[in-house]
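Computed from a prediction, not measured in an experiment: that's the story for all the values here.
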Amino acid sequence: MAKSFELQMKEFESMTTEKSELLFKKVCFDLSNSIIMDVPVLSGRAKGSFFPEINKVSNEVNAVDDTDKSGNKSNIRVANTTNRLQLGSYFTFTSNLDYILGLEYGWSKKSPQGMLGINVMRFQQFVNQANKESK
């Protein structure tokens, strides 16, 4: 028995929503991961200073002795947050570290181009890659 047009449309809408949500999550994760990996490492404090949130901006600041030279702790926070994202929500990725702006604007010889602006310019690449991988 053939499915009704209405049922076919509901199935298409559900599939499209699910795919859109997966793309949203992947782009947020990949962009955040790229930022984290581009943060120059001395103590690891800056790399660990980014906090993801859904529908709000984080006020968290990592402790002086909370270092993350590899970026793994930060990426776990991002993964846990992006997994909870839903369409209609918004994602923020914030560092409240007192010297993070200096790192963005060339204070570090390890990353003179910064890490935020350069990744924002790559945004469309993240979208294209996520879309390609979802096919």
Side-chain angles (χ1 to χ4, degrees):
M1 180 158 88
K3 293 181 185 177
S4 72
F5 179 72
E6 183 178 350
L7 182 58
Q8 289 175 348
M9 289 307 294
K10 286 184 188 281
E11 288 175 352
F12 176 74
E13 179 184 358
S14 176
M15 180 185 67
T16 303
T17 300
E18 186 178 310
K19 181 179 176 183
S20 297
E21 194 167 272
L22 288 173
L23 289 175
F24 177 42
K25 291 176 180 185
K26 179 154 181 44
V27 170
C28 290
F29 178 83
D30 290 349
L31 176 62
S32 301
N33 176 61
S34 189
I35 290 168
I36 291 165
M37 293 299 108
D38 284 349
V39 173
V41 177
L42 183 57
S43 68
R45 188 166 175 231
K47 202 174 273 277
S49 73
F50 286 90
F51 292 90
E53 285 289 353
I54 299 172
N55 295 334
K56 65 181 182 176
V57 175
S58 176
N59 292 321
E60 288 198 56
V61 178
N62 63 326
V64 173
D65 60 347
D66 185 17
T67 61
D68 185 13
K69 287 186 176 186
S70 69
N72 288 338
K73 292 178 191 176
S74 295
N75 277 325
I76 289 169
R77 284 194 299 263
V78 171
N80 289 336
T81 302
T82 56
N83 283 334
R84 296 189 330 264
L85 280 171
Q86 297 177 335
L87 290 180
S89 60
Y90 65 90
F91 176 80
T92 62
F93 192 57
T94 309
S95 172
N96 294 308
L97 191 64
D98 54 353
Y99 58 87
I100 203 71
L101 283 175
L103 293 177
E104 175 63 15
Y105 292 108
W107 285 6
S108 172
K109 291 178 183 172
K110 292 181 179 182
S111 186
Q113 77 282 2
M115 59 276 173
L116 300 167
I118 196 164
N119 279 293
V120 169
M121 292 187 321
R122 296 176 185 151
F123 180 78
Q124 189 61 51
Q125 292 173 340
F126 293 115
V127 172
N128 294 346
Q129 184 63 33
N131 196 32
K132 180 180 175 183
E133 290 174 9
S134 72
K135 291 183 178 181

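- Listed by first and then second residue, the ring-ring contact (aromatic ring centres under 6.0 Å, His included) pairs that reach into residues 38-59 are F50-F93, sequence neighbours excluded.
- L87 places a side-chain heavy atom less than 4.5 Å from the side chain of T17.
- Within the structure, side chain to side chain donor-acceptor pair (under 3.5 Å) pairs that include any residue of residues 89-102 comprise S49-S95 (at least two apart or interchain).
- Side-chain N or O atoms of K47 include one that pairs as donor or acceptor with a backbone N or O of V39 at under 3.5 Å.
- Between I118 and M115, the shortest heavy-atom contact is CG2-O, 3.7 Å.
- Residues N75 and M37 form a side-chain contact, since some pair of their non-hydrogen atoms from C-beta on lies under 4.5 Å apart.
- Taking CD of E53 as the start and CZ of R84 as the end, the distance is 7.5 Å to the nearest 0.5 Å.
- Cluster membership for L85 and I76, using ILVMFWY side-chain heavy atoms within less than 4.5 angstrom, is not shared.
- N72 pairs by the side-chain hydrogen bond (donor to acceptor under 3.5 Å, both in side chains) definition with S70, not counting sequence neighbours.
- Listed by first and then second residue, the salt bridge (charged side-chain N to carboxylate O under 4.0 Å, His left out) pairs that reach into residues 101-122 are D38-R122, sequence neighbours excluded.
- In this structure the side chain of Q86 never reaches within 4.5 angstrom of the side chain of N55, judged on heavy atoms.
- For residues 103-123, no pair satisfies ring-ring contact (aromatic ring centres under 6.0 Å, His included), with sequence neighbours left out.
- Scanning all heavy atoms of the two residues, the minimum distance from I100 to A46 falls at CD1-CB, 4.3 Å.
- Taken together through direct or relayed side-chain contacts under 4.5 Å among Ile, Leu, Val, Met, Phe, Trp and Tyr, I35 and V127 form part of one hydrophobic cluster.
- Residues passing the side-chain hydrogen bond (donor to acceptor under 3.5 Å, both in side chains) test with N128, sequence neighbours excluded: Q124.
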For residues 22-32, dump all side-chain donor-acceptor pairs below 3.5 Å to protein atoms at least two apart in sequence or in another chain.
unit_1: K25; atom_1: NZ; unit_2: N83; atom_2: O; d: 3.2
unit_1: K26; atom_1: NZ; unit_2: D30; atom_2: OD1; d: 3.4
unit_1: K26; atom_1: NZ; unit_2: D30; atom_2: OD2; d: 2.8
unit_1: K26; atom_1: NZ; unit_2: E133; atom_2: OE1; d: 3.1
unit_1: S32; atom_1: OG; unit_2: C28; atom_2: O; d: 2.8

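- Between L103 and P40, some side-chain heavy-atom pair lies under the 4.5 Å cut-off.
- For the residue pair R45 and V61, the shortest heavy atom distance occurs at NH2-CG1, 4.5 Å.
- Across all non-hydrogen atoms, the minimal contact from P52 to T81 is CG-OG1, 3.4 Å.
- Separating the CE atom in M121 from the CD atom in Q113 is a distance of 9.0 Å, to the nearest 0.5 Å.
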